[in-house]
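The structure presented is a predicted model; accordingly, all values stated were derived computationally and were not measured.
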Amino acid sequence: MCRPTTGSDITALDWSQDSQWVAAASKDLSVRVFSLNPIPDYIPPTLTGHRTTPVGVFWAGSTVAATAALAGEDAPALITVGKDGAVFYWMYDPAPPNAHPTPQGYAKVPGKHRKRKAPDTDPIQPRTAATKGDRVDQGNKLRDAEGDEHDSSSDVENTDGSEGGEESGVGQAQAAVADPTEDAAEMLAGTSGRAHGDQQQREEQMMSFAGGRWRLGGKHFFNQRGAQVTALDFHRETGMLVVGFSNGIFDLFEMPKFDNIHTLSVSRSAINAITFSKGGDWIALGCAALGQLLVWEWRSESYILKQQGHYYDISTSSFSPDGTNLATGADDSKVKIWNVQSGFCFVTFSDHTAPVTAVAFLPSGSVVVSASLDGTVRAFDLVRYRNFRTMTSPHPVQFVSLAVDPAGEVICAGSLNTFQVYVWSVRTGRLLDVLAGHEGPVAGLAFSPTQSLLASASWDKTVRTWDVFSGKGGVEALQHSHDVLALAYRPDGKLLASATLDGQIYLWDPQEAQLLGSIEGRRDLAGGRLSSDRRALGNSTSGQCFTSLAFSADGAFLLAGGSTKYVCMYDVEEKVMLRRFQISHNRSLDGVLDLLNSKTMTEAGPVDLIDDDADDVDDLLPPPPEGGPGSAADMPGTGSKRRAAIRSRAVTLSPTGQTWAAATTEGLLLYSLDQGLVFDPTHLTEDITPAAAYKALGNRAFVRALLIALRLKDPDVLRHVIMSTPPNQVSSVAAGVPSSTVSQVLVALASYLADSPHLEFLLCWLRHICLKHGKTLQHEKAAVVMPAIRSLQRVLSKTHEDLSAACDSNLYTLQYLCAAGQNGQPVK
């Protein structure tokens with residue numbers, strides 16, 4: 001469907017409840033109503049009156065109509081919201097039953113349509129769009145064929161007497177008298193009564209908003225002084241309107257009473273996205289400036305989900321030794337630790353004052369270290385969640401690379417401005433050595449897994465190896481033809497890979513300092529054309545290179561990512577590409593499309609990058625944060641129209657060999673061979689509540705009650721469900737436990753065994769869980785199952801010791817009681 005508009009940008013759309021009408025708001029400060037099916041002589045009405053751009057338009061629906069009817073008021077058909085916080089109610093007065101829509105200035109006469117001039121008025125000009133400075137009343141007097149006059153001076157009336165709504169533009173005209181000749185022809189053309197009835201019903205549905213009159217029925221304002229509306233949503237079934245503002249506040253209103261239900265501040269930055277859940281109980285809010293996502297349950301006034309990611313590009317990532325956690329560092333100066341199974345961030349460290357350039361785990365897995373451009377290397381304790389060690393250099397430097405030796409005793413960091421490598425002790429935090437020799441920034445560091453050698457890559461076209469522990473300094477220098485940007489050791493320590501600025505990957509023998517081969521990656525990198533590129537994709541490969549390398553756990557494959565939309569996987573032995581992963585299909589990012597529209601290229605550059613409307617800033621799109629990438633609007637290629645280019649700044653492989661991660665412009669992407677690793681942020685729906693679990697117990701639906709309790713992850717609810725299950729139902733309920741939650745049930749049983757007197761009942765639960773899910777536990781990852789097994793073993797061992805001591809000390813008393821009971825003699 002294509003309908004003519006004013007040519008201005010559309011800011012909001014909404015379909016009617018019967019999907020026959022669509023309302024569209026545009027930047028020309030007007031709202032138009034279009035029909036899905038063509039209606040003869042129908043002209044979409046133009047509803048004007050907003051002083052700023054309307055950012056929301058919603059059909060009110062049946063719930064709002066019922067609420068208004070109970071209050072004895074007229075129900076609005078449309079609700080529009082302006083950027084300045086003005087809410088307009090638009091009423092619709094239907095036409096008489098025998099009326100048909102005709103355009104203004106036209107009258108229906110027998111046999112043909114004839115344009116007629118209204119008396120005492122100028123000839124009607126072709127209909128044009130109302131603009132901000134020229135909104136005039138295009139109404140006129142329409143006469144029918146018999147000479148009757150109908151007043152249609154304005155199809156949109158203002159009934160509240162306020163300004164701004166009188167001149168509302170062109171709508172449908174009033175009805176003209178139908179031609180009896182044409183009516184007779186229509187009746188004769190009907191093929192059957194049923195067909196004619198269906199057609200009439202369809203026409204009545206199509207004409208529900210045609211032929212009548214639109215008028216402004218009311219105005220309301222949000223009264224958020226100094227703030228603009230940045231996001232909003234309307235839930236038609238409940239009649240609730242939620243609005244987010246540029247100051248981080250969101251309001252919840254009940255329509256059409258316009259009663260304020262909630263006002264809550266979630267941040268100091270603008271709320272950029274907001275939406276209702278299907279049932280209307282949950283509200284999801286997104287803040288682009290902070291990378292924040294919230295899910296709010298407005299009835300109970302509680303948070304369902306609260307997560308905050310990096311709001312600048314992620315620059316580095318690293319897996320923990322067991323592969324369960326993932327550390328990321330970004331340009332927002334923060335270090336975050338994520339759980340790979342759940343996808344949630346469970347701790348954030350904000351101690352750095354400049355972008356984080358490298359992160360790494362110690363072999364123990366309980367400490368993560370990070371390097372930053374603020375000149376510090378910090379060590380964070382993942383048990384107490386604190387920064388317990390800060391390592392600095394004698395002179396201010398900027399660190400861009402980091403490496404930890406396999407024993408976890410030494411930390412090395414490479415600098416950007418002094419071209420040196422600094423070595424610290426993990427235990428004391430004391431600076432042990434400064435390795436000098438490079439003539440350019442040290443872009444990469446890596447320790448050999450089997451030898452006491454440190455390899456460093458630099459922009460001076462060399463890779464140097466150092467004997468850090470003996471203090472001998474540099475051992476070998478591996479020469480390259482271009483700047484070296486990344487390097488990686490194979491897990492067996494017998495191969496060293498380095499990536500250069502020309503897109504090549506070199507494979508070296510680090511012990512003999514010999515070149516074993518190279519991989520030509522320039523053709524593999526080709527893909528994606530930037531909007532500023534003057535040359536076609538096939539003729540332009542300059543600037544594309546690999547900036548990160550990672551070997552697989554067995555050393556057979558090599559992952560490479562860089563300044564392109566692809567991550568390439570190579571076979572190390574054959575030196576050929578096995579697969580190429582495209583990390584994004586988001587066309588709002590630069591470099592995703594291979595072909596661009598040449599019509600948008602001008603002498604001054606691409607049209608999309610020319611900032612020719614600085615006075616009309618679109619607040620719906622968040623501007624670049626202050627001090628961040630692209631914040632300098634006066635620099636070429638930056639500003640409000642600059643788009644972020646797609647790239648992967650870091651690729652990391654899990655030690656388990658099942659998962660690898662890519663830190664991209666869109667965020668952190670995880671690829672896994674484990675089919676069970678499916679990201680599901682909450683496993684929650686609106687009917688998953690503690691009350692639902694208790695209700696399922698009352699209905700003797702024990703399996704459902706247990707599944708609800710597991711999804712809620714509420715220890716009290718889970719304990720109540722497990723302890724309330726009848727002993728004869730334990731076997732069937734244990735069989736219904738999902739494989740992904742078996743370890744969670746085992747951990748819960750271990751905690752109950754420690755303090756519960758129902759020992760036999762809990763052991764019965766444990767026995768049936770092991771019988772039903774034994775194979776699953778055998779094939780499960782040790783990092784997932786072993787903590788539960790260890791806690792069970794510890795609790796059962798302690799319980800066995802306590803019971804055995806009590807039984808040994810009372811052995812003869814127990815024998816006497818048993819013998820007395822068998823003889824039938826009373827025990828005195």
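The one candidate from Leu78, Val33, Val57 that meets the side-chain contact (heavy atoms from CB on, under 4.5 Å) condition with Trp90 is Leu78. Of the candidates Asp313, Asp331, Thr316, Thr665, Arg649 forms a side chain to side chain donor-acceptor pair (under 3.5 Å) with just one, namely Asp331.
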task = Could you go through the side chain to side chain contact (heavy atoms under 4.5 Å, CB included) check for Trp15 and Gln20 one step at a time?
result = CA-CA 7 Å; Trp15 284 93; Gln20 297 296 318; over 6 Å; no
inquiry  = Test side chain to side chain contact (heavy atoms under 4.5 Å, CB included) on Phe58 and Leu232; report intermediate values, then the result.
reply    = CA-CA 10 Å; Phe58 307 102; Leu232 72 165; 3.5 Å; yes
message = side chain to side chain contact (heavy atoms under 4.5 Å, CB included), that's the test. Do Val295 and Tyr303 meet it? Break it down for me.
response = CA-CA 6 Å; Val295 178; Tyr303 284 110; over 6 Å; no
request  = Check the pair Phe209 / Tyr92 against ring pair (Phe, Tyr, Trp, His ring centres under 6.0 Å), numbers first and verdict last.
outcome  = CA-CA 8 Å; Phe209 290 101; Tyr92 180 77; 5.2 Å; yes
ask   = Given the rule in the side chain to side chain contact (heavy atoms under 4.5 Å, CB included) test, do Trp21 and Trp59 qualify, once you have shown the distances and angles that lead to the verdict?
value = CA-CA 9 Å; Trp21 301 86; Trp59 293 93; 3.7 Å; yes
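Of the possible polar contacts, one joining the Lys336 side chain to the Gln308 backbone as a donor-acceptor pair under 3.5 Å is found. For Gln224 (side chain) and Ala227 (main-chain N/O), no donor-acceptor pair under 3.5 Å exists by modelled atom type. Between the side chain of Thr11 and the backbone N or O of Lys27, no donor-acceptor pair lies under 3.5 Å. Between the side chain of Glu254 and the backbone N or O of Gly239, no donor-acceptor pair lies under 3.5 Å. In terms of modelled atom types and a separation under 3.5 Å, the side chain of Thr328 and the main chain of Ser317 share no donor-acceptor contact. Side-chain N or O atoms of Ser318 include none that pairs as donor or acceptor with a backbone N or O of Ala360 at under 3.5 Å. A donor-acceptor contact shorter than 3.5 Å links the side chain of Gln307 to the backbone of Cys345.
Checked against the 6.0 Å centroid threshold, His220 and Tyr89 count as a close aromatic pair. For Phe361 and Phe319, the gap between ring centers reaches or exceeds 6.0 Å. Aromatic ring centres of Phe250 and Phe245: separated by at least 6.0 Å. Ring centroid separation for the pair Phe222 and Phe258 comes in under the 6.0 Å cut-off. Here Trp338 and Phe344 keep their ring centres 6.0 angstrom or further from each other.
Of the N and O atoms on the side chains of Ser269 and Ser267, not one donor lies less than 3.5 Å from an acceptor on the other residue. In this structure, a donor-acceptor pair under 3.5 Å is absent between the side chains of Lys334 and Ser350. A side-chain N or O of Asp374 and one of Thr376 form a donor-acceptor pair less than 3.5 Å apart. In summary, the side chains of Thr652 and Trp660 do not present any donor paired with an acceptor at a separation below 3.5 Å, with no hydrogens or angles considered. Neither side chain, Gln228 nor Asp84, offers a donor N or O lying under 3.5 Å from an acceptor on the other.
For the atom pair CD1 of Ile283 and CH2 of Trp296, the computed distance is 9.0 Å after rounding to the nearest 0.5 Å. Within the model, atoms CG of Leu525 and NZ of Lys565 stand 12.5 Å from one another, a figure rounded to the nearest 0.5 Å. For the atom pair OG1 (Thr230) and NZ (Lys83), the distance works out to 10.0 Å, reported to the nearest 0.5 Å. Atom-to-atom distance recorded for Ile646:CD1 and Leu589:CG is 5.0 Å, nearest 0.5 angstrom. Here Leu373 contributes atom CG and Gln398 contributes atom CD; the two are 5.0 Å apart, rounded to the nearest 0.5 Å. A distance of 12.5 Å separates OH in Tyr566 from CZ in Phe546, rounded to the nearest 0.5 Å.
Of the charged side-chain nitrogens involved, at least one lies within less than 4.0 Å of a carboxylate oxygen, so that Asp28 and Arg32 count as a salt-bridged pair. Contact check on Asp590 versus Arg647 returns no salt bridge, with no Lys/Arg side-chain nitrogen under 4.0 Å from an Asp/Glu carboxylate oxygen.
For His310 against Ala330, the heavy-atom pair with the smallest separation is ND1-CB, 3.2 Å. The two residues Ala75 and Ala65 make their nearest non-hydrogen contact at CB-CA, 3.6 Å. Here the closest non-hydrogen pair linking His235 and Lys278 is NE2-O, 2.9 Å. Residues Val651 and Ala662 come closest through the heavy atom pair CG1-CB, 4.2 Å. The shortest heavy-atom contact between Ser648 and Thr547 is O-OG1, 3.6 Å. Between Phe34 and Ala24, the shortest heavy-atom distance links the atoms CE1-CB, 4.0 Å.
Classification of the Phe349-Phe380 ring pair by plane angle, with boundaries at 30° and 60°, yields parallel.
Side-chain atoms of Leu29 and Thr53, non-hydrogen and from C-beta on, do get closer than 4.5 Å to each other.
Other residues, nucleotides and ligands contribute at most 12 non-hydrogen atoms within 6.0 Å of the CZ atom of Arg268.
Annotation: side-chain contact (heavy atoms from CB on, under 4.5 Å) contacts of Asn260 (sequence neighbours excluded): Asp251, Phe253, Thr263.
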